[in-house]
Amino acid sequence: MLLLDARTLKGTNAKEFIAEAVVHLNALKIIPAEDFTTKVIDDLQAICYVYREISKQYFSERKAFGDEMAKEGLVDVYCKVASAETTEKYFEDPYHENVTYAQTMMFNLTGVSDELCKIIGKSNAFELLVNKMNSPQFHNLNLGKGKNINQALFYSLKTDLGIIWNSLRRIPENKYKFREVNGIEALISKVNYTLFIIKTQALFSLAYADEPHDEKELHTAFKLLWRLSFAAPNKPILGQSEKLFKTMNKFTKQDFTSSEIKKSLHGTWLELCDSFKECLNCEKDIPEQYSTDSLMGNSHCMISYSWANQKLALRIKEEMQMRKIPVWMDVEKMEGDVLNKMADAVENSFAVIICLSDAYKDSAACRSEASYAYKCKKPLIPVMMEDCFQPKGWLGILVGTSLYYNLFRNSEFQQSIEKIIAFIDKQLNVKSTKVSK
């Protein structure tokens, strides 16, 4: 609950209001950071009220207010706020609402004041904000819906992301400082948060992908974008972005030395192609390799697996080949146009064996393979590669209630292989003939 109201302010015009805010700001500047949870309330509220009154009565003066606050040291004060927020005491403080209001003011002012954003880039603000995002209290933050949300943490993170975004978009040079403090990595760790934050992170990735300076930066951007594209709620948001569509088209035509960039870029195309078509009506402009859902032949059974389970996957391959069943399996790690080769492998398959394991679930490449196979309506054959593994999340949805074949126990391996072969023979009408070794 705010302790002051507008009647306590002495100013009668925008200039006098700003001068009054400067007095209170100077009072805050001399308070040590460790005391910011207990000794800042009156002065902080007064500045917030000045901002509110200027926004109501003198809206066009918000930039002037932001520029003056920047010159007088608002960023230093905000850094003290950010430092205080890493302590448990801060979130127990009954006056947390006042500091939250100050965060909102900072978010709004960075949206109009280049001077404020410039000083943020020159200060340690990015480092403090990134450290805050990486602090333990944010690691297990439940940002679902309803009463499970920790409102204080949620609002704090949301406004901080807004401040970062404003600072980057208004002052492009700030991206160098942001990268120096591992800001992109901090954002990637938050990709499974609420829709608002995920959308903000997508904008970050666009900012970095639009004018890249090196392939390392591009790799980070498209890796983030690929992960964002997995979530169904994100697809229409990303799919309606004409800027993203043009950016991806531009980079698809380039020849990168990094196979990881190609993998992430092509994986994103596979995830978002339908959304682009639906939202932008741009089918004629989609790269040819993604422009049609038509399948080429059905010449083999594909084995989709994680490298952590390669030894067992090779046993499956050997058993299939012994029965003269054509098999496609990436044994030596594909090079070159990796995602196109993967797409061809899926499209040319009559079935896809999905090798279930923790490593498979956590692999972006495996997820793209399995999702594309599902999209192409290929029969999926889930085989269990680890004891006690339970498919959850995207993988649990994909395989649903399908029958799993246990291959991790030697005692069950041969029996399970025979069942898989029988499925291929009877359900898919692919004739196999077992041959001797």
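Bear in mind the structure is a predicted one, so any value in this text is a computation, not a measurement.
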query = Are Thr252 and Trp269 close enough that a side-chain donor and a side-chain acceptor fall under 3.5 Å?
reply = yes
task = Looking only at non-hydrogen atoms, find the nearest pair between Gly239 and Leu280 and report the distance.
result = O-CG, 3.3 Å
task = Dump the intermediate steps for side-chain contact (heavy atoms from CB on, under 4.5 Å) on Phe126 and Ser167, then the final yes or no.
result = CA-CA 10 Å; Phe126 282 148; Ser167 301; 3.8 Å; yes
task = For the pair Ser113 (side chain) and Thr110 (backbone), establish whether a donor and an acceptor sit closer than 3.5 Å, ignoring hydrogens and angles.
result = no
message = Using 0.5 Å steps for rounding, measure from the CG atom of Leu74 to the CD1 atom of Ile47.
response = 7.0 Å
ask   = Taking C-beta and beyond as the side chain, do Met69 and Val22 meet within less than 4.5 Å on heavy atoms?
value = yes
query = Is there side-chain contact between Cys366 and Tyr305, with heavy atoms separated by less than 4.5 Å?
reply = no
ask   = Do Leu356 and Phe408 come close enough that some side-chain heavy atom pair is under 4.5 Å?
value = no
inquiry  = Taking Glu180 first and then Lys177, would you say they form a salt bridge - that is, a charged N and a carboxylate O separated by under 4.0 Å?
reply    = no
ask   = Just wondering, do Phe17 and Glu61 contact through their side chains at under 4.5 Å, heavy atoms?
value = no
Lys375 NZ to Glu347 CD distance, which is reported to the nearest 0.5 Å = 9.0 Å
Residue pair Met320 / Ile424: nearest heavy atoms and the distance that separates them = CE-CD1, 3.5 Å
query = Roughly how far apart are Leu109 CG and Phe65 CZ, rounded to 0.5 Å?
reply = 6.0 Å
ask   = Got a donor-acceptor contact below 3.5 angstrom from the Ser416 side chain to the Asn406 backbone?
value = yes
query = Is there a donor-acceptor contact under 3.5 Å from the side chain of Tyr78 to the main chain of Gly73?
reply = no
ask   = Any side-chain heavy atom of Gln414 sitting closer than 4.5 Å to one from Glu319?
value = yes
query = Got a donor-acceptor contact below 3.5 angstrom from the Lys235 side chain to the Phe276 backbone?
reply = no
request  = Looking only at non-hydrogen atoms, find the nearest pair between Ile171 and Cys117 and report the distance.
outcome  = CG1-CB, 3.6 Å
inquiry  = For a quick test of reading the model, state the closest non-hydrogen atom pair linking Asp285 to Asn249 and the distance between them.
reply    = O-ND2, 3.2 Å
ask   = Which atoms form the tightest heavy-atom contact between Lys361 and Lys392, and what is the distance?
value = CE-O, 3.3 Å
query = Can Ile316 and Tyr405 be said to form a side-chain contact (heavy atoms from CB on, under 4.5 Å), step by step?
reply = CA-CA 12 Å; Ile316 301 172; Tyr405 299 95; over 6 Å; no
ask   = With a cut-off of 6.0 Å (strictly less than), are more than 12 heavy atoms of other residues, nucleotides or ligands near CD of Gln390?
value = no
ask   = Under 4.0 Å between a Lys/Arg side-chain N and an Asp/Glu carboxylate O for Asp67 and Lys63?
value = yes
Carboxylate-amine/guanidinium contact Asp387 Arg409, below 4.0 Å = yes
query = Side chain of Ser306, backbone of Asn309: donor and acceptor closer than 3.5 Å?
reply = no
request  = Decide yes or no for Val352 and Tyr374: does some side-chain heavy atom of the first lie under 4.5 Å from some side-chain heavy atom of the second?
outcome  = no
inquiry  = Does either side chain, that of Asn174 or that of Arg169, offer a donor lying less than 3.5 Å from an acceptor on the other one?
reply    = no
message = To the nearest 0.5 Å, what is the distance between CG on Asn166 and CG on Asp114?
response = 10.5 Å
key: Stepwise side-chain contact (heavy atoms from CB on, under 4.5 Å) test for Ile353 and Met302   = CA-CA 6 Å; Ile353 294 177; Met302 178 180 177; over 6 Å; no
request  = Start with the C-alpha distance between Leu116 and Met106, add both sets of side-chain angles, then the distance that settles side-chain contact (heavy atoms from CB on, under 4.5 Å), and finish with yes or no.
outcome  = CA-CA 9 Å; Leu116 196 59; Met106 191 71 170; 4.1 Å; yes
ask   = Are side-chain heavy atoms of Tyr58 and Ile18 found at a separation under 4.5 Å?
value = no
ask   = Are side-chain N/O atoms of Asn108 and Tyr51 paired as donor and acceptor at under 3.5 Å?
value = yes
query = So, are Glu68 and Lys71 salt-bridged, with charged N and O less than 4.0 Å apart?
reply = yes
query = Is the CD atom of Glu278 crowded by more than 12 outside heavy atoms at less than 6.0 Å?
reply = no
inquiry  = Apply salt bridge (Lys or Arg N to Asp or Glu O under 4.0 Å) to residues Arg315 and Glu318 and explain how you reach the verdict.
reply    = CA-CA 5 Å; Arg315 287 187 64 190; Glu318 182 182 358; over 6 Å; no
Test item: Lys29 side-chain N/O and Asp76 main-chain N/O as donor-acceptor pair under 3.5 Å = no
Main-chain N/O of Gly111 paired with Arg170 side-chain donor or acceptor, under 3.5 Å = yes
Interatomic distance, Glu127 atom CD to Asn182 atom CG [nearest 0.5 angstrom] = 10.0 Å
query = Under 6.0 Å from the CZ atom of Phe389, do we count more than 12 heavy atoms belonging to anything else shown?
reply = yes
query = Does a side-chain heavy-atom distance below 4.5 Å link Lys311 with Leu314?
reply = no
inquiry  = Are more than 12 heavy atoms, taken from residues, nucleotides or ligands other than Glu412, located less than 6.0 Å from that residue's CD atom?
reply    = yes
key: N/O donor-acceptor pair under 3.5 Å between Ser349 side chain and Val346 backbone   = yes
ask   = Hey, are Lys246 and Glu242 close enough for a salt bridge, meaning a charged N less than 4.0 Å from a carboxylate O?
value = yes
Shortest non-hydrogen contact between Met105 and Cys48, atoms and distance = SD-CA, 4.2 Å
remark   = Here the gap from Tyr372 atom OH to Met342 atom CE, rounded to the nearest 0.5 Å, amounts to 8.0 Å
query = When you check the side-chain N and O atoms of Tyr360 and Ser304, is any donor under 3.5 Å from an acceptor?
reply = yes
message = Donor-acceptor check, side chain of His300 to backbone of Ala345, threshold 3.5 angstrom: yes or no?
response = yes
